[in-house]
A.B. asks: 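This structure is in structure tokens; I'll ask about it shortly.
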Amino acid sequence: MHADEQDALILQRRKKLSAIADLGFELYPRKFEFTHTAPEILQKYSRSAPEELEAEKVRVRVAGRVMTIRPHGKAGFAHLASGGARLQIYVRRDAVGERDFELFKLLDLGDIIGVEGYLFRTRTGELTVHADRLSFLAKSLIPLPEKWHGLSDVEIRYRQRYLDLMVNDGVRRVFERRSRLIRAIREFLDGEGYLEVETPMMQPLPGGAMARPFVTHHNALDLSLYLRVAPELYLKRLIVGGLDRVYEINRNFRNEGISTQHNPEFTMLEFYQAYADYRDMMALTERLLPRVAQAVLGDLECEFQGHRISFRSFERLTMKEAIARHWPPAAGPAPKVEDFAEPRAVFRWIEAYNRSAEKPLAFGDDTAPGAALAELFEAVVEEHLIQPTFILDFPLEVSPLAKQKSDDPNFVERFELYIGGMEIANAFSELNDPCEQKDRFEYQQLLREKGDLTAHAIDEDYIRALSYGMPPAGGEGIGIDRLTMVLTDSRSIRDVILFPLLRPEKSS
RNA sequence: GGGCCGGUAGCUCAAUGGUAGAGCACUGCCCUUUUAAGGCAGGGGUUCUGGGUUCGAGUCCCAGCCGGCUCACCA
């Protein structure tokens, strides 16, 4: 419908393309031999004085995408983008010759060219390639988005990420940081003697987390398979097998809502360490995250949505302490930790909370006290946990795979790490008693039969594995996307995933 | 799925219910150190779709489609 004008622009560019062919240029040549990338040139020579450049006449061959053109009659300037940098070139007819200058006049924003020449500095001081030869490498048939407002339509940014990367500063940096973050994690864990492994993404039984799975089907085996919601149970099978320290960084898939903090496929780090418990995992996390921050930011602090976040120290609160501390004043006098001693007391506090709450918590007669406590925690506390904070001691009922606390069987040895109001990590002392694990699964099965589709399924082989004996172990999962959000000050998880899930584009 | 906000030129955005505009991009001409280059002259629109109200709708009403935020679910 609005394609008419775009079609006209494309037609124009096609005509230019054939004009370029008429000049004798190959339209889509095989390769371009370059001596430098744009960032290399800028890094190496940006401090050279004009006289030095004049004396040295440094010769370069460099390629990139044309981002600006400023013609001046029989000469002109352009900026080439490559490698995240922009390098200016200066093209004059008496230097490049008639044919190459004709090519220059036929260039559009977005075209990809190579240039050969020497470096100099313009009157205004900008390091520039004085071209004596141009190569045509590829045409941009479709016009680029606006050159200084960039591309702001969020849908197009995500759908056509290549455009976003081309014209919006900072997008590339986010994904470079994400890559550095993952590399830093690998280096750290490798240094701790961990083995990186890969476990099934397609599982006959989805386990390891309370979440609804995606279903798929294997034709030859006529078998229903689930995209994994977590690698957890497989990684612990490896602990049983004697791989004492393993980790995996890979995708999980959860068939649930999409939000600024949720994408149906997301990247998770999970690691397990034999002979360790959740306190060891906490200590390890306190060493890992500063390392990662240092590698990604070169600093132990970062800005996140208006908050200054520091990775220098991590706070620790139990779930009950956190609720007591962050109790909303409007809900009346805050509970003390002792007020939760009797498990069912939590329901009275939820009622108190609900009286002033915008969104009251719903709970039925059969809601387990532990599940209610966890919900109260999320409602009252989560958003306040800006600085890195470990929340420890989770209720048994919401933790089917974690080991009970020795002094309080209603709670487990588990923590979650919160940063910027988001859950970033989840860890526990792994339950390794097969009988207890079986009981837990059966309780989950009960919830499932009552309609809770996120309740954990019974995994008989996992029970069997535990029955061979699993050493005590600590395990942890860290959400890579969310951690990247914190370290890149990104508001939405979609800004740290190159191609977030979108509804399919409507065919026009 | 609910609530709120939005959809106008390729891009970024304007337009008390009264002739649809600007900047960038595009076309032509001038310009051999510019940089949001500049000057002159042009072309480009089913205002998301379909109904309705009105003498007259980009604008008001209804329905739908698409998107964002938010709530619910979840990490």
A.B. asks: Could you tell me whether A:R14 atom CZ has more than 12 heavy atoms of other residues or ligands within 6.0 Å of it?
C.D. replies: no
A.B. asks: Figure out the CD1/C1' separation between A:I10 and B:rA25, and round it to whole Å.
C.D. replies: 14 Å
A.B. asks: Output the residues of residues 373-385 of chain A in contact with RNA chain B, where contact means a heavy atom of the residue under 4.0 Å from an atom of the strand; sort by number or write none.
C.D. replies: none
A.B. asks: Select one nucleotide: of B:rC31, B:rA25, B:rU34, the one nearest the side-chain heavy atoms of A:P71.
C.D. replies: B:rC31
A.B. asks: Supply the atom-to-atom distance A:L80 CG to A:I112 CD1, rounded to the nearest 0.5 angstrom.
C.D. replies: 10.5 Å
A.B. asks: Ring of A:F394, cation from A:R414 - is the NZ or CZ under 6.0 Å from the centre and inside 45° of the axis?
C.D. replies: yes
A.B. asks: Would you say the side chain of A:R70 and the base of B:rU34 hold a donor-acceptor pair, judged only by whether the two atoms sit under 3.5 Å apart?
C.D. replies: yes
A.B. asks: For the pair A:H72 and A:F77, name the ring-plane relationship: parallel under 30°, tilted 30 to 60°, perpendicular over 60°.
C.D. replies: perpendicular
A.B. asks: If you measure from the P atom in B:rG45 to the same atom in B:rC55, how many Å do you get, rounded?
C.D. replies: 31 Å
A.B. asks: Heavy-atom count check: over 12 atoms from other residues, nucleotides or ligands less than 6.0 Å from A:R70 CZ?
C.D. replies: yes
A.B. asks: In this structure, how many angstroms lie between the C1' atom of B:rG45 and the CG atom of A:L9, rounded?
C.D. replies: 13 Å
A.B. asks: Within the supplied structure, the quantity of interest is the number of heavy atoms (other residues, nucleotides, ligands) at a distance under 6.0 Å from A:E351 CD; does it exceed 12?
C.D. replies: yes
A.B. asks: What orientation do A:H130 and A:Y90 show, parallel under 30°, tilted 30 to 60°, or perpendicular over 60°?
C.D. replies: perpendicular
A.B. asks: Determine the contact category for A:M268: base if any of its heavy atoms lies under 4.0 Å from a base atom, sugar-phosphate if only primed atoms, P, OP1 or OP2 are that close, otherwise nothing.
C.D. replies: nothing
A.B. asks: Heavy atoms only, 4.0 Å cut-off, all strands: where does A:G150 land among base, sugar-phosphate and nothing?
C.D. replies: sugar-phosphate
A.B. asks: Taking atom P in both B:rA25 and B:rG39, compute the distance separating them and give it to the nearest angstrom.
C.D. replies: 12 Å
A.B. asks: Hey, does A:R482 reach any base, or is it just sugar-phosphate, or nothing, if we go heavy atoms under 4.0 Å?
C.D. replies: base
A.B. asks: Say we look at B:rU19 and B:rC31: how far apart would their C1' atoms be, to the nearest angstrom?
C.D. replies: 38 Å
A.B. asks: Can you tell me how far P in B:rU27 sits from the matching atom in B:rG68, rounded to whole Å?
C.D. replies: 34 Å
A.B. asks: Can you tell me how far P of B:rC26 sits from CD1 of A:I142, to the nearest Å?
C.D. replies: 15 Å
A.B. asks: Side-chain donor or acceptor of A:Q88 under 3.5 Å from a matching atom on the base of B:rU34?
C.D. replies: yes
A.B. asks: Applying a 4.0 Å non-hydrogen cut-off, can you work out what A:E126 is touching in the nucleic acid: base, sugar-phosphate, or nothing?
C.D. replies: base
A.B. asks: Atom CZ of A:R157 and atom C1' of B:rC66: how far apart are they, to the nearest Å?
C.D. replies: 18 Å
A.B. asks: Any N/O pairs under 3.5 Å between the protein and nucleotides 67-69 of chain B? List them or say none.
C.D. replies:
from, atom 1, to, atom 2, distance (Å)
B:rG67, OP1, A:R503, NH1, 3.4
B:rG67, OP2, A:R503, NH1, 2.5
B:rG68, OP1, A:R494, NH1, 2.2
B:rC69, O3', A:R491, NH2, 3.2

A.B. asks: Report the base-pairing partner of B:rC31 (Watson-Crick or G-U wobble, both distances below 3.5 angstrom), or none.
C.D. replies: none
A.B. asks: Set out, line by line, the N/O atom pairs under 3.5 Å between protein and nucleotides 22-24 of chain B.
C.D. replies:
from, atom 1, to, atom 2, distance (Å)
B:rG23, N2, A:E146, OE2, 3.0

A.B. asks: Do the side chains of A:R65 and A:D111 get close enough for a salt bridge, i.e. N-O under 4.0 angstrom?
C.D. replies: no
A.B. asks: Between A:I156 and A:A209, just flag the one whose closest nucleotide in RNA chain B comes earlier from the 5' side.
C.D. replies: A:I156
A.B. asks: Has A:F266 got its ring stacked on B:rA75, by the test of a centre gap below 5.5 Å and a plane angle below 30°?
C.D. replies: yes
A.B. asks: Should A:D132 and A:R59 count as an ion pair when the cut-off is N to O under 4.0 Å?
C.D. replies: yes
A.B. asks: Indicate whether OP1 or OP2 belonging to B:rU32 is found under 4.0 Å from a side-chain N or O atom of A:R92.
C.D. replies: no
A.B. asks: Rounding to the closest angstrom, what is the interatomic distance between B:rG23 and B:rG43 at atom P?
C.D. replies: 14 Å
A.B. asks: Give me the distance, rounded to whole Å, that separates B:rU12 from B:rG18 when you measure between the P atoms they each carry.
C.D. replies: 27 Å
A.B. asks: Counting only Watson-Crick or G-U wobble pairs whose two distances fall under 3.5 Å, which nucleotide matches B:rA20?
C.D. replies: none
A.B. asks: Please determine whether a side-chain nitrogen of the Lys or Arg among A:R228 and A:E248 lies less than 4.0 Å from a carboxylate oxygen of the Asp or Glu.
C.D. replies: yes
A.B. asks: Are there over 12 heavy-atom neighbours, none belonging to A:E198, within less than 6.0 Å of that residue's CD?
C.D. replies: no
A.B. asks: Less than 4.0 Å between a side-chain N and a carboxylate O, is that true for A:R159 and A:E155?
C.D. replies: yes
A.B. asks: Whole Å only: how far is the CZ atom of A:R13 from the P atom of B:rU27?
C.D. replies: 8 Å
A.B. asks: Is A:D94 salt-bridged to A:K74, cutoff N-O under 4.0 Å?
C.D. replies: no
A.B. asks: Students often get this wrong, so: under 4.0 angstrom with heavy atoms, is A:N255 touching a base, only sugar-phosphate, or nothing?
C.D. replies: nothing
A.B. asks: Counting only Watson-Crick or G-U wobble pairs whose two distances fall under 3.5 Å, which nucleotide matches B:rG6?
C.D. replies: B:rC66
A.B. asks: Write down the distance between CG (A:D452) and P (B:rA72), rounded to a whole number of angstrom.
C.D. replies: 17 Å
A.B. asks: Any side-chain N or O of A:K15 less than 4.0 Å from the OP1 or OP2 oxygen of B:rU27?
C.D. replies: no
A.B. asks: Please give the distance between the P atoms of B:rG51 and B:rU59 as a whole number of Å.
C.D. replies: 14 Å
A.B. asks: Check the surroundings of atom CZ in A:R186: do more than 12 heavy atoms from other residues, nucleotides or ligands lie under 6.0 Å from it?
C.D. replies: yes
A.B. asks: Say you pick atom P in B:rU8 and the same atom in B:rC13; how far apart are they, in whole Å?
C.D. replies: 9 Å
A.B. asks: Rounded to the nearest Å, what distance is computed from the CD1 atom of residue A:I258 to the P atom of nucleotide B:rU70?
C.D. replies: 14 Å
A.B. asks: Find the distance A:R254:CZ to B:rA75:P and express it as a whole number of Å.
C.D. replies: 6 Å
A.B. asks: For B:rA25, what is the paired nucleotide under Watson-Crick or G-U wobble rules, both distances under 3.5 Å?
C.D. replies: none
A.B. asks: With a cut-off of 6.0 Å (strictly less than), are more than 12 heavy atoms of other residues, nucleotides or ligands near CD of A:E378?
C.D. replies: yes
A.B. asks: Could you check whether A:S152 gets within reach of a base, just the sugar-phosphate, or nothing at all, counting any heavy atom under 4.0 Å?
C.D. replies: sugar-phosphate
